[in-house]
Amino acid sequence: MAMDKIFNAAEAEGRIYDAWEKAGAFKAGANAKPGAETFSIMIPPPNVTGSLHMGHAFNNTLQDILVRWHRMRGFDTLWQPGQDHAGIATQMVVERKLAAEGQPGRRELGREKFLEKVWEWKTHSGGTIINQLKRLGASCDWSRNAFTMSGAPGAPEGEDGNFHDAVIKVFVDMYNKGLIYRGKRLVNWDPHFETAISDLEVENVENPGHMWHFKYPLAGGETYTYVERDEDGTVLFEEERDYISIATTRPETMLGDGAVAVHPSDERYAPIVGKLCEIPVGPKEHRRLIPIITDEYPDPDFGSGAVKITGAHDFNDYEVAKRGNIPMYRLMDTKAHMRDDGAPYAEAAKRAQEIANGADFTVEEVDALNLVPDHLRGLDRFEARKKVVEEITHEGLAVMVPENDPRLGKAAHTPVAPEEGGDPRDESYVPLVESKPIMQPFGDRSKVVIEPMLTDQWFVDTSKIVGPALEAVRSGETTIMPESDRKVYFHWLENIEPWCISRQLWWGHQIPVWYDEDGNQYCAASEEEARAMAGGKPLSRDEDVLDTWFSSGLWPIGTLGWPEDTEELKKYFPTDVLITGFDIIFFWVARMMMMQYAVVGQKPFSHVYVHALVRDEKGKKMSKSLGNVLDPLELIDEYGADAVRFTLTAMAAMGRDLKLSPQRIAGYRNFTTKLWNAARFAEMNGATGSDRQVPQPTATVNKWIVGETAKVREVVDDALAGFRFNDAANALYAFVWGKVCDWYVEFSKPLLLDGDEATRAETQATMAWVIDQCLILLHPIMPYVTEELWGTLGAREKMLVHADWPTYTASDLVDPQADREMNWVIALIESVRSARAQVHVPAGLYVPLLCTELDDAGQQAWDNNEVMIKRLARIESLSRVDALPKGCITVAAEGGSFAMPVADLIDVAEEKARLEKTLGKLEKELGGLRGRLNNPKFVASAPEDVVEEARENLVLREEEEGKLRAALQRLAELG
RNA sequence: GGGUCGUUAGCUCAGCUGGUAGAGCGCUUCGUUUACACCGAAGAUGUCGGGGGUUCGAAUCCCUCACGACCCACCA
């Protein structure tokens, strides 16, 4: 049956993938040689909510290449797939779905019912990305597909793995070792999802904002002399003040101030340190007084040099408050609305005043106090901010400056006229509100401003487990590529902060800690155990679940059955390579390193290959909001999975962003077509069904291509071994297109069509073998076309996916004689074609070739390859002559001089120009060579082979130069 | 503010441990020769960001400047 002219990817891909799966081709250990080494890769588990994007396509293509390559080489290979339960993302998706369907919401359903809904959703919609990965051609062992919530309470049938057991066991063990603790800390609070999140889940974004300046009046109307001096102590400014000036970007938090801090060395405020000042907001009759304290934190050169301390709503203030035993008043609820609980303001303020005056207090008591004035209670924090600013300004306690004060910036704001007070000096004074960019923290999923919040959370004491993770990379036990990411890894781990692992969500691994009535903790793998520990006291379980990354941190062991001592764990752990994007080095890579060492005392993987981000053709990050997203599935539909994979591979140079354009993919789709047609040519000429033996041909071309094949095999193996995926892809592209298609197929035509029986048979066998080698070597990158051709071109014992990867070497198969000869032939053909084209000899015209001199090697090369040269260079005949007739175009070859007598065809001036141009280039080269060789220092200090090479080069170039000059000479005689 | 990376042909990028610059796309001219027009043949284009230095020799190593990107960070 005749083959089509192109590969029908859309038709073939599904069929081929099914065949692979049916054959169990991807199963762990499939195609392993007896006693083989193992090779294992853990897939970075995509979120169950995820769908395949370009980053996944890239990431998984690279993994698949390594996996297929090892599997073909006979390793005992495992590519472990699975999904992550993705706490926040999944809970969000299900809640949205419930809302869209008009079903009862999460809170109405209650925890248990809601979780049922999540599992339901997971069962029906959680497999999307698996099918998408299959379309890419990912050869994961799907029979082992894992899920980070498998085996959790409430998990339905089919989700009965033991990942949950692993997570719980790790928590309990770490708790017992003192590596996990609970405490009231200031954490990043996401008011949208109403949960704590870790530092890593916060994105700091610069936005235009304001900084207000307010006056905190001194208690009892006290005054002091405020003096500013320059470095020499000269007085710049001096006035009597009854207030201290405070700058803030968050006026609403003033309600929770516990103190005002100045730097101990700041002489401006020295007279008032230790005194009390008044928070200029809230009901007048209950104005709170707070102490002015000293702390190293305030920078005297920034703003007024005085900082308000709100320990419960700012990370810096929190530290200051801890140092100074300043009460931390929490102002907001879980939605970041101003608190609306507890006693009325007057009562709370009274107690706060006692504390400010020195009364003893506890953290719990302070946290219970609601210092939000009654009329602000329940307001959104931004609403409250507006009100606070208004009230203070109206009262005349904003710092006033002239309208033209540079600090005001360009942004106009309506000055609020003071009802009383204000600055008496000039009516045109306005409140000092600086417009400036402010760094604000946002939740990476909610996109809502994060609120620092004082809450009880669970933490991993990372400082205690970070050591081995650092040491492993320092010592090279685990390597991280590229180097720059290794530095990033170190930098982060060397400055590691405690990891907040509790989330106020429902979808996740619930923390295995129970409390009795007195608040004592019982950490155990089950409620029964906890109860036993508590001596039968009534217990209630901690409501929180664990950060998703806590469980994905256990991915390498959890997917292999730990804590059970499984065969797989013994065989495939530690894994060999982790391939991942730089964006999750901290989230995932670093945590896996820490956790695996903490739990099983071993590295999770030997190599980490960090790849770049896929961007659009303009270098922009692909994002839905920008609308520049390239959907890998659409691209696969249009160009085929092989083209998409090859493109990503060819562009996978380490360390840089990868800008993807459809045009590029089309180019590699053309490459698959090229390969297809080479195979088609082979098939049409009976060059199929290689018997897997390396051919031992006699014809030079055949010897040559066998050697070229061996060379590229070595290049590909070396490249893949070094994770230089692009080098492998480019070498194969150059070989298949540039060597096999451009030359070998062309050379073979006269042999196959007109050669004698033996030559034909030999060429068929060689070509069949070469094409097979192309398919084998390309298979890891382009699995579909290659598998299809493999099946088409012969009856095989095994599918290509399990074909034996070759081990022949260049030193075995390269015939230096054949190599030289073919290079000579190719150079001659190229020279003839070039000369013809430049003087416009009609492309189809066969012309005679004259030869004035030709050495033995050249003669032999000609004789061995005459038919091929004649065909490809369009030569009619070769004759030896003593002198060239007038009007020739000359062609130089190593060891020979050729010419084409085409006097009636050529334009003398054009030919002259051609020769001169060539000569010009040559001369430049000669100049460089002579310059170097005439330099005694070069000859003395350069390595011998370099000098030798230069010498040889010089001889060759000079020979060429001579021929060109002779040709010009003849031309001159003609003209 | 700290860190990392980048600046090479019109575009997108390769160039490992220094030996004198490459690929793909695009462009120009020619071509339908029995694998392929998703093709073939022949071409053109670079003071390798600027400036110093080390070296016989630097796109490649060092210093410096400029521009760009990304990551981290508490300046109220």
Side-chain angles (χ1 to χ4, degrees), chain A residues 3 5-7 199 204 211 213 246-250 253 261 297-299 301-310 314-319 438-439 441 452 482-485 487-488 491-492 495 582-583 585-586 612-613 617-619 621 639 643 647 650-651 653 655-661 663-664 666-685 718 722 724 726-727 730 733-734 738 741-742 745-746 749 753 830 833-838 840 842-844 871-872 874 925 928-929 931-932 935-943 945-947 949-950:
Chain A
M3 287 170 66
K5 283 192 174 185
I6 56 166
F7 171 56
D199 305 349
N204 291 303
M211 190 158 81
H213 294 253
I246 305 283
T248 181
T249 54
R250 303 206 49 200
T253 64
Y297 163 61
D299 173 0
D301 297 325
F302 184 84
S304 67
V307 184
K308 68 190 211 55
I309 300 301
T310 320
D314 181 282
F315 285 96
N316 293 309
D317 295 5
Y318 176 71
E319 294 302 322
I438 307 251
M439 272 296 200
E483 177 66 22
S484 58
D485 287 296
K487 289 182 190 164
V488 170
H491 186 258
W492 192 68
N495 299 287
F582 71 86
D583 50 334
I585 294 178
F586 308 141
L613 208 65
E617 51 199 315
K618 289 178 195 130
K621 191 172 169 174
Y639 301 104
T647 308
M651 298 179 80
R656 219 190 305 194
D657 289 341
L658 183 155
K659 292 183 194 135
L660 198 61
S661 77
Q663 204 178 27
R664 185 95 187 220
Y668 289 116
R669 187 267 326 270
N670 297 352
F671 176 61
T672 68
T673 307
K674 191 73 180 172
L675 173 71
W676 181 266
N677 278 290
R680 182 163 171 261
F681 174 83
E683 196 258 358
M684 288 165 70
N685 287 281
D718 286 350
R724 288 177 284 108
N726 55 321
D727 285 352
N730 291 329
Y733 186 98
C741 293
D742 287 350
V745 167
E746 294 305 325
K749 284 177 183 172
L753 295 171
E830 283 181 334
R833 293 210 283 219
S834 178
R836 290 174 57 123
Q838 285 182 66
H840 307 300
R871 180 186 171 100
L872 296 186
R874 299 284 141 112
E925 214 174 326
L929 284 168
R932 274 196 281 167
N935 181 344
K937 281 187 179 171
F938 170 73
V939 181
S941 24
D945 54 322
V946 173
V947 178
E949 196 189 321

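Computed over heavy atoms, backbone and side chain alike; hydrogens, waters and symmetry mates excluded. In what follows, every chain begins at residue 1, and chains take the letters A, B, ... in the order their sequences are listed.
Nucleic acid contact for Pro936(A): none, since no nucleic acid atom lies under 4.0 Å from a heavy atom of the residue. Using a 4.0 Å heavy-atom criterion, one finds that Arg250(A) contacts no nucleic acid atom at all. Residue Asp583(A) is classed as having no contact, given no heavy-atom separation below 4.0 Å to the nucleic acid. As judged by a 4.0 angstrom heavy-atom cut-off over every strand, Tyr668(A) is placed among residues making no nucleic acid contact. At a threshold of 4.0 angstrom between heavy atoms, the contacts of Pro943(A) include nucleobase atoms, whether or not backbone atoms are also involved. Contact annotation for Gly305(A): base contact, defined as any heavy-atom pair under 4.0 Å involving a base atom. Val488(A) comes within contact range of no nucleotide atom at all, as no heavy-atom separation falls under 4.0 Å.
Atom CG of Asp301(A) and atom C1' of G1(B) are 15 Å apart (whole Å). Put simply, CG on Asn495(A) is 11 Å from C1' on G3(B), counting in whole angstrom units. As a whole-Å value, the separation of Lys937(A) NZ from U55(B) C1' is 10 Å. Straight-line distance from the CH2 atom of Trp492(A) to the C1' atom of U4(B): 17 Å, rounded to whole Å. At whole-Å resolution of the value, CG in Asp727(A) and C1' in G24(B) are 15 Å apart. The distance between atom CD1 of Ile309(A) and atom C1' of C74(B), rounded to the nearest whole Å, is 12 Å. In this structure, Arg724(A) atom CZ and G15(B) atom P are separated by 9 Å, rounded to whole Å. At whole-Å resolution of the value, CZ in Arg836(A) and P in G31(B) are 13 Å apart.
Taking only side-chain atoms of Tyr733(A), from C-beta outward, the nucleotide of C74(B), G24(B), A76(B) with the closest atom is G24(B). Listed nucleotides: A41(B), C75(B), C30(B). Nearest to the side chain of Ala843(A): C30(B). Looking at the side chain of Phe302(A), the nearest of the listed nucleotides C5(B), A76(B), C72(B) is A76(B). Across A76(B), U4(B), U12(B), the shortest atom-to-atom separation from the side chain of Lys487(A) is found for U4(B). Checking A73(B), U12(B), G26(B) against the side-chain heavy atoms of Met439(A) singles out A73(B) as nearest. Closest contact between the side chain of Met211(A) and the listed nucleotides G19(B), A73(B), A76(B) involves A76(B).
For Leu929(A) against Ala950(A), the heavy-atom pair with the smallest separation is CD2-O, 3.9 Å.
Across G18(B) and A69(B), the matching C1' atoms stand 28 Å from one another, rounded to whole Å. Rounded to whole Å, the P atom of A66(B) lies 15 Å from the corresponding atom of G51(B). Using C1' as the reference atom, C5(B) and A41(B) are 42 Å apart when rounded to the nearest Å. Across the C1' atoms, C11(B) and U45(B) are found 13 Å apart, a figure rounded to whole Å. Straight-line distance between the C1' atoms of A9(B) and A21(B): roughly 10 Å, to the nearest whole Å. Atom name C1', nucleotides A14(B) and A59(B): the rounded distance is 12 Å, in whole Å. U32(B) and G40(B): their P atoms are spaced 16 Å apart (whole Å). Nucleotides C38(B) and G43(B) are separated by 23 Å at their C1' atoms, to the nearest Å.
Tested against Thr248(A), the residues Lys308(A), Met211(A), His213(A) include a single side-chain contact (heavy atoms from CB on, under 4.5 Å) partner, Lys308(A).
The 12-atom threshold is not exceeded at CD of Glu949(A), counting heavy atoms of other residues, nucleotides or ligands nearer than 6.0 Å.
Taking the ring centroids of Tyr668(A) and Tyr639(A), they lie at or beyond the 6.0 Å cut-off.
At least one donor-acceptor pair closer than 3.5 Å links the side chain of Asn677(A) to the backbone N or O of Lys5(A). Between the side chain of Ser834(A) and the backbone N or O of Glu830(A) there is no donor-acceptor pair closer than 3.5 Å. With hydrogens and angles ignored, the 3.5 Å screen pairs a side-chain donor or acceptor of Arg836(A) with a backbone N or O of Arg874(A).
Between Ala650(A) and Gln838(A), the residue whose closest nucleotide on RNA chain B is further toward the 5' end is Ala650(A). The residue among Ile438(A) and His491(A) whose nearest nucleotide of RNA chain B is located toward the 5' end is His491(A).
The shortest distance between side-chain heavy atoms of Asn685(A) and Lys749(A) does not fall below 4.5 Å.
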Pairing string of RNA chain B (Watson-Crick or G-U wobble, both atom distances under 3.5 Å; | = paired to other strand) is (((((((..((((.....[..)))).(((((.......))))).....(((((..]....))))))))))))....

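Applying the side chain to side chain contact (heavy atoms under 4.5 Å, CB included) rule to Asp199(A) yields the partners Asn188(A), Glu497(A); only residues at least two apart in sequence or on another chain are considered.
Contact annotation: Ser941(A) side-chain N/O to U55(B) OP1/OP2 distance is not under 4.0 Å. Taking 4.0 angstrom as the limit, Asn935(A) places none of its side-chain polar atoms (N or O) nearer than this to OP1 or OP2 of G57(B).
In this structure, OG1 on Thr647(A) lies 10.5 Å from CZ on Arg669(A), to the nearest 0.5 angstrom. To the nearest 0.5 Å, atoms CD1 (Ile585(A)) and CH2 (Trp492(A)) are separated by 10.5 Å. Between Glu319(A) atom CD and Asp314(A) atom CG the span is 10.5 Å, to the nearest 0.5 Å.
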Listing time: all N or O pairs from protein to nucleotides 34-39 of chain B that are below 3.5 Å?
| from | atom 1 | to | atom 2 | distance (Å) |
| --- | --- | --- | --- | --- |
| A35(B) | OP1 | Lys749(A) | NZ | 2.8 |
| A35(B) | O3' | Arg680(A) | NH1 | 3.2 |
| A35(B) | O2' | Asn677(A) | OD1 | 2.8 |
| A35(B) | O2' | Arg680(A) | NH1 | 2.6 |
| A35(B) | N7 | Lys749(A) | NZ | 3.4 |
| A35(B) | N6 | Cys741(A) | O | 3.0 |
| A35(B) | N6 | Glu746(A) | OE2 | 3.1 |
| A35(B) | N3 | Asn677(A) | O | 3.2 |
| A35(B) | N3 | Ala678(A) | N | 3.4 |
| C36(B) | O4' | Asn677(A) | OD1 | 3.1 |
| C36(B) | O2 | Lys674(A) | NZ | 2.8 |
| C36(B) | N3 | Lys674(A) | NZ | 2.9 |
| C38(B) | O4' | Asn670(A) | OD1 | 3.1 |
| C38(B) | O2 | Arg669(A) | NE | 2.6 |
| C38(B) | O2 | Asn670(A) | OD1 | 3.0 |
| C38(B) | O2 | Thr673(A) | OG1 | 2.7 |
| C39(B) | OP1 | Asn670(A) | ND2 | 3.1 |
| C39(B) | O3' | Lys674(A) | NZ | 3.0 |

